Amino acid sequence: MAGGAREVLTLQLGHFAGFVGAHWWNQQDAALGQATDSKEPLGELCPDVLYRTGRTLHGQETYTPRLILMDLKGSLSSLKEEGGLYRDKQLDAAIAWQGKLTTHKEELYPKNPYLQDFLSAEGVLSSDGVWRVKSIPNGKGSPPLTTATTPKPLIPTEASIRVWSDFLRVHLHPRSICMIQKYNHDGEAGRLEAFGQGESVLKEPKYQEELEDRLHFYVEECDYLQGFQILCDLHDGFSGVGAKAAELLQDEYSGRGIITWGLLPGPYHRGEAQRNIYRLLNTAFGLVHLTAHSSLVCPLSLGGSLGLRPEQPVNFPYLHYDATLPFHCSAILATALDTVTVPYRLCSSPVSMVHLADMLSFCGKKVVTAGAIIPFPLAPGQSLPDSLMQFGGATPWTPLSACGEPSGTRCFAQSVVLRGIDRACHTSQLTPGTPPPSALHACTTGEEVLAQYLQQQQPGVMSSSRLLLTPCRVAPPYPHLFSSCGPPGMVLDGSPKGAGLCFLSLHSSGEHPSVWGTVFLFVPAPDPGSLGQRPHQTRLAALGQLHGCWSGAR
């Protein structure tokens, strides 16, 4: 049980959502590993919001994501639908039939070499066939496994990544994976291509009852369920699955928060006319129906368009990624999510999902857009005021929701999170008697710097800001997207290549008020000396902002 945590249940619907979710849970795992290996108390974020404790058939405690994911037949590769923590060969049912037997076996998918190394580093398979995992925070579980030598870094190659399960580090509960067997992941036939197909999936008693059973399993063990976060593909039939799932949640768990992240992979090809039409229609239908049943909806994509016409992918001057690889795109989007969800994952003074949505939404406007600037320009010797002053009065972020530039808008409320910046960099260290070059340099705390900057950028806007010392942490298999950084994440060559700034917003048009939000992500380089037994982890700091705006005439 999660104790006093304000639990959140995550739903991952679709294959690209699986990619984003795999990176997301890998980041949570990296943070848990740091807390365990360094023997430090847990930071400002409460892991019990997203994780649950359990017990295997052999009595060993486990710590697994509070997660339900749905994907198509053939998408799991070597990952077993029931997971690997609760398997017990000794409890297999005995065969009572004495007659002739015929055995039919399906050829197993070859396991990604990265996962072979991962299993060696994360636990051990004992002689009785039982998987022994490493320890989990707060003394939960057995003592950590130790080795005489430091394991080599576990980094898969992009060519070896075929499906999201090829790089998932986290063990899942047997109730997490729900496969839709009537549609195929690979091939041209039997695909889940249209919104209506996806909507009809959860109208079938088989899949609806299975989803409801899994929801009841997770929800009934929660002390205080604050809501659900849905990671849902928008470009294919899973937009219909997500819409129907959101409707089910709204009907059965009225009053709980439902925050939906609509996900689209990178740019698409102009020559695929039929698929492009499906992509456009699925995205439009998905956004409309998801908005009707969610507290907050945000499309996220590194493509330049939601489907009206093909555009160039989002360009970050100091971030090197391949937009055609879901492995790369999903890593960036997962990093943004890890910061924007901070307000309702805090240990102290958290904002519930419902309150966050109520604060940002106005007159029923709930659709969100996002943007980013990566990296955040913090060079060696700079302070937070120095870095923020470089932006001037211009908005420095690049749209991250494939909806174009949010021009002609006004904010009315915003919620900001700044995380992972060293305390010594929060304020300007001026020599006594030196006049401050700006109002930001005169601030005495980092919280005051952040609040002052937001007031300068958006005068008259109601702002809520938080400053966290806890950084985001990423470890292999997170791809190498950042370069030219040294410990603890400062730029070595004078150009900011080790950080990120991301923007999330609620958007509408015409005469009606709407909401905007912003997330700033700061990604310093690895600090091997502070990573305990987990090598090659990266400290990831982030500044996140959510705010509201008006668009057009009032």
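As the structure is a computational prediction, the values presented were derived from the model and not from experiment. Computed from heavy atoms alone, side chains included, the values below leave out hydrogens, waters and symmetry copies.
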**Message:** Check this for me: does any side-chain nitrogen of one of K182 and E204 sit under 4.0 Å from a carboxylate oxygen of the other?
**Reply:** yes

**Request:** Answer yes or no: are there more than 12 heavy-atom neighbours, outside Q312 itself, under 6.0 Å from its atom CD?
**Result:** no

**Prompt:** How about L11 and L69: do any of their side-chain heavy atoms sit closer than 4.5 Å?
**Reply:** no

**Asked** Taking C-beta and beyond as the side chain, do V201 and Y183 meet within less than 4.5 Å on heavy atoms?
**Response** yes

**Message:** Closer than 3.5 angstrom, by distance alone: can the side chain of T10 be matched with the main-chain N or O of Q229 as a donor-acceptor pair?
**Reply:** no

**Fill in**
From the list F16, F167, W164, ring-ring contact (aromatic ring centres under 6.0 Å, His included) with H23 holds only for F167

**L192 and its side-chain contact (heavy atoms from CB on, under 4.5 Å) partner, picked from D71, N184, L72, D233** = L72

**Request:** For residues L13 and G242, report the shortest heavy-atom separation together with the two atoms involved.
**Result:** CD1-CA, 3.5 Å

**Message:** Under the criterion side chain to side chain donor-acceptor pair (under 3.5 Å), I'd like the reasoning laid out for E193 against H235: C-alpha separation, chi angles, the key distance, then a yes or no.
**Reply:** CA-CA 8 Å; E193 294 184 304; H235 62 289; over 6 Å; no

**Message:** Would you say the ring centers of F238 and H15 fall short of 6.0 Å from each other?
**Reply:** no

**Message:** With a 6.0 Å cut-off (strictly less than), is the heavy-atom count around OH of Y321, excluding the residue itself, greater than 12?
**Reply:** yes

**Message:** Between Y253 and F228, is the ring-ring contact (aromatic ring centres under 6.0 Å, His included) condition met? List the steps.
**Reply:** CA-CA 10 Å; Y253 303 99; F228 307 86; 5.3 Å; yes

**Prompt:** Is any side-chain heavy atom of L454 less than 4.5 Å from a side-chain heavy atom of S465?
**Reply:** yes

**Asked** Quick one: are Y207 and I180 in side-chain contact, heavy atoms under 4.5 Å?
**Response** yes

**Message:** With a 4.0 Å cut-off on N to O distance, would you call R345 and D338 a salt bridge?
**Reply:** yes

**Request:** Mark yes or no for whether S254, through its side chain, and D251, through its backbone, hold a donor-acceptor pair below 3.5 Å.
**Result:** no

**Request:** Find out whether T64 and R52 are in side-chain contact, i.e. whether some heavy atom of one side chain is under 4.5 Å from a heavy atom of the other.
**Result:** yes

**Prompt:** Any donor and acceptor pair, going by atom type alone, linking the side chain of E199 with main-chain N or O of A243 inside 3.5 Å?
**Reply:** no

**Whether R191 side chain and H185 backbone form a donor-acceptor pair below 3.5 Å** = yes

**Prompt:** Do the side chain of H328 and the main chain of A323 share a donor and acceptor less than 3.5 angstrom apart?
**Reply:** no

**Prompt:** So do L264 and T283 actually touch side chain to side chain, heavy atoms under 4.5 Å?
**Reply:** yes

**Prompt:** Quick one: is the NZ or CZ of R66 closer than 6.0 Å to the six-membered ring centre of Y218, and within 45° of its axis?
**Reply:** no

**Request:** Would you confirm whether R256, through its side chain, and L225, through its main-chain N or O, come within 3.5 Å as a donor-acceptor pair?
**Result:** yes

**Message:** With a 4.0 Å cut-off on N to O distance, would you call D29 and R473 a salt bridge?
**Reply:** no

**Message:** Determine whether a donor-acceptor pair (N or O, by modelled atom type, separation under 3.5 Å) exists between the side chain of S294 and the backbone of I259.
**Reply:** no

**Item:** Side-chain touch W24/L50, heavy atoms, less than 4.5 angstrom
**Value:** yes

**Message:** Before we go on, tell me: are the rings of W25 and Y51 under 6.0 Å apart, centre to centre?
**Reply:** yes

**Prompt:** Does L234 offer a backbone N or O that forms a donor-acceptor pair with the side chain of N282 under 3.5 Å?
**Reply:** no

**Prompt:** Are I230 and L249 close enough that some pair of their side-chain heavy atoms sits under 4.5 Å apart?
**Reply:** yes

**Prompt:** Taking NZ, NE, NH1 and NH2 as the nitrogens, is one of them in E210 or R214 under 4.0 Å from a carboxylate oxygen of the other?
**Reply:** yes

**Request:** Tell me, yes or no, whether the heavy-atom count around H355 atom NE2, taken from other residues, nucleotides or ligands under 6.0 Å, exceeds 12.
**Result:** no

